[in-house]
Amino acid sequence: MNTINNILKLEDEVAIIEAIGSLIWEKKEATEDFSALTDEEKVFVFIDIFEGAMGEGGLHLFFTSESGNFVEEIITSYQEIKAPKTAELIANAVKTFPKTYTVDLEERQALIAKAEEEILSGWEDLDELFFTNESEEDVVTLIVDYIKANESQFGR
């Protein structure tokens with residue numbers, strides 16, 4: 001807990017997120033899944049997973065990678081940190097998915113491979129919205145505020 005307290009004293013919000021992220025991912029590595037994490041730490045992880053996928057290749061990468069297996073948890077996590085517009089954007093991307101969304105990676109990849117160009121370009125439009133609306137919902141500040149509000153649940 002003292003470590004979290006010291007991290008939260010940092011001036012730079014990105015440095016706070018990176019330091020907390022290192023602690024949480026190290027803790028997660030002790031297990032095959034997320035069972036070692038508190039619910040609040042899972043919120044952090046699911047947002048980190050989505051933000052990472054978006055930075056690497058947008059919604060197309062998100063849906064064609066293991067990251068897409070956690071779509072419901074990710075939407076809920078954005079709602080938890082009070083970023084409803086981002087949660088809605090992800091939900092809208094899921095709605096445009098060809099057929100019913102599946103958390104099975106291979107099935108999802110096969111559906112995407114057969115998807116019409118209209119769906120893929122729709123995801124590109126949503127990618128653009130995600131990156132242009134970043135100033136509307138400052139996820140970095142929202143997640144730091146979430147960590148501060150739930151400090152006792154981090155690093156346990």
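To the nearest 0.5 Å, atoms CD (E18) and CG (L10) are separated by 10.5 Å. The distance from atom CD of E80 to atom CG of N150, rounded to the nearest 0.5 Å, is 8.0 Å. Taking CG of D48 as the reference point, atom CH2 of W25 lies at 6.0 Å (rounded to 0.5 Å). Atom CD in E107 sits 11.0 Å away from atom NZ in K99 (nearest 0.5 Å). With rounding to the nearest 0.5 angstrom, the NZ atom of K85 is 13.0 Å from the CG atom of N92. Note that the CD atom of E56 and the OG atom of S67 stand 9.5 Å from one another [nearest 0.5 Å].
Across every non-hydrogen atom of F97 and R108, the tightest pair is CZ-CG, 3.1 Å. Minimum heavy-atom separation, S77 to V43: OG-CA, 3.5 Å. Nearest heavy atoms, L142 versus A83: CD1-CB, 3.8 Å. Across every non-hydrogen atom of N69 and V103, the tightest pair is OD1-O, 2.9 Å. In this structure, E41 and K27 approach most closely via the heavy-atom pair OE1-NZ, 2.7 Å.
Under the 4.5 Å side-chain criterion, counting only non-hydrogen atoms from C-beta, I147 is in contact with L8. Within the 4.5 Å cutoff, side-chain heavy atoms of F154 are placed close to those of I24. Looking only at side-chain heavy atoms (C-beta outward), K42 and E73 stay at 4.5 Å or farther from each other. Using a 4.5 Å heavy-atom threshold, the side chains of W123 and F62 count as separate. F44 is listed as a side-chain neighbour of I17, based on a closest heavy-atom distance under 4.5 Å. Counting heavy atoms from C-beta outward, N6 and T3 have side chains that stay 4.5 Å or more apart. In this structure the side chain of D39 never reaches within 4.5 angstrom of the side chain of Q153, judged on heavy atoms. Counting only heavy atoms from C-beta outward, the side chains of L111 and Y101 never approach each other to under 4.5 Å.
Here the side chain of E137 pairs a donor or acceptor atom with the backbone of T86 at under 3.5 angstrom.
Using a 4.5 Å cut-off between side-chain heavy atoms of Ile, Leu, Val, Met, Phe, Trp and Tyr, with links allowed through other members, L61 and V71 fall into different hydrophobic clusters. Residues F70 and L105 do not share a hydrophobic cluster, clusters being chains of Ile/Leu/Val/Met/Phe/Trp/Tyr side chains in contact below 4.5 Å. By the rule that hydrophobic residues join a cluster once side-chain heavy atoms approach within less than 4.5 Å of another member, L59 and I112 end up as members of one cluster. Cluster membership check: I119 shares its hydrophobic cluster with I90, using side-chain heavy-atom separations under 4.5 Å among Ile, Leu, Val, Met, Phe, Trp and Tyr.
Other residues, nucleotides and ligands contribute more than 12 heavy atoms inside 6.0 Å of the CD atom of E29.
Remark: K28 qualifies as a cation-pi partner of F34 under the 6.0 Å distance and 45° angle criteria applied to the six-membered ring.
Side chain to side chain, Q109 and T64 fail the donor-acceptor criterion of an N or O pair below 3.5 Å. When only modelled atom types and interatomic distance are considered, D33 and S35 share a side-chain donor-acceptor pair under 3.5 Å.
The aromatic rings of F130 and F50 sit perpendicular to each other, their planes meeting at more than 60°, with 30° as the lower class boundary.
Under the side-chain contact (heavy atoms from CB on, under 4.5 Å) test applied with V144, the options I16, I81, I20 reduce to a single match, I16.
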How far apart are the C-alpha atoms of I7 and L23, what are their side-chain angles, what is the distance that settles it, and do they pass the side chain to side chain contact (heavy atoms under 4.5 Å, CB included) test?
CA-CA 10 Å; I7 290 171; L23 288 176; 3.4 Å; yes
